[in-house]
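If you read the sequence from its start, that first residue is 1, and numbering goes on from there.
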Amino acid sequence: MSDEKPPPSRAVQIARMWARVPAEHLEVALKALEPELQREHERQLESIRREEAQRLEVLRNEQEERRQRHFRHLCGLWAGFALVIGMLVGAVIVGVNGQAWLAALLAGPSLIALAKIFVLRRSDPADARQLEPPAEQPPA
């Protein structure tokens with residue numbers, strides 16, 4: 001093993017150079033550096049302010065998007081509710097007028113499928129098949 005010391009760091013080298021300078025010169029040099037240090041400090045503060053403003057803007061955007069998403073969800077719920085109520089009222093009206101098959105169509109699987117689409121915001125291929133009118137059978 002060698003007894004060599006690692007080279008002094010850059011800060012130690014600079015400190016050694018400043019140690020050789022007389023105190024009056026050091027004071028003048030430090031006074032000359034003070035405005036530069038203040039400008040650097042102001043730049044750092046401004047950078048921190050900009051980052052904070054950006055974070056605040058991101059938070060505001062996220063909050064606004066959550067609010068809009070909630071509003072759309074509520075609109076879907078109300079539209080589904082109105083659609084279901086309308087279909088049920090229509091089924092009762094046509095059922096009372098003697099059109100039982102039309103009433104069954106309005107109050108049957110299509111009602112459940114449409115309510116599922118609006119309220120749960122989910123659609124399966126089976127739901128689309130329930131919404132289609134039955135295909136006519138060709139005469140045999």
From CA spacing to verdict: side chain to side chain contact (heavy atoms under 4.5 Å, CB included), Val84, Leu114: CA-CA 8 Å; Val84 167; Leu114 284 174; over 6 Å; no
Steps toward side chain to side chain contact (heavy atoms under 4.5 Å, CB included) verdict (Leu106, Val94): CA-CA 9 Å; Leu106 286 174; Val94 296; 4.1 Å; yes
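Taking a cutoff of 4.0 Å between a charged side-chain nitrogen and a carboxylate oxygen, Glu65 and Arg69 qualify as a salt bridge. In summary, Arg39 and Glu42 do not engage in a salt bridge, as defined by a charged side-chain N under 4.0 Å from a carboxylate O. With respect to the salt-bridge test (charged N to carboxylate O, under 4.0 angstrom), the residues Arg55 and Glu52 qualify.
In the hydrophobic cluster analysis, where Ile, Leu, Val, Met, Phe, Trp and Tyr join through side-chain heavy atoms closer than 4.5 angstrom, Ile85 is grouped apart from Ile112. The cluster map of Ile, Leu, Val, Met, Phe, Trp and Tyr, joined by side-chain heavy atoms under 4.5 Å apart, puts Leu102 and Leu88 in the same cluster.
Here CD1 of Ile117 is found 9.5 Å from CG of Leu83. Values are rounded to the nearest 0.5 Å. Expressed to the nearest 0.5 Å, how far CD of Glu51 lies from CG of Leu56 amounts to 13.5 Å. In this structure, Arg72 CZ and Leu77 CG are separated by 13.0 Å, a value rounded to the nearest 0.5 Å. Here the CG atom belonging to Asn61 is positioned 11.0 Å from the CZ atom belonging to Arg66, to the nearest 0.5 angstrom. Distance CG/Leu59 to CD/Glu57: 9.5 Å, rounded to 0.5 Å.
Within 6.0 Å of atom CD in Gln63, 12 or fewer heavy atoms from other residues, nucleotides or ligands are found, so the atom counts as exposed in its surroundings.
Looking at every heavy atom in both residues, Ala107 comes nearest to Ala91 through CB-CB, 3.8 Å.
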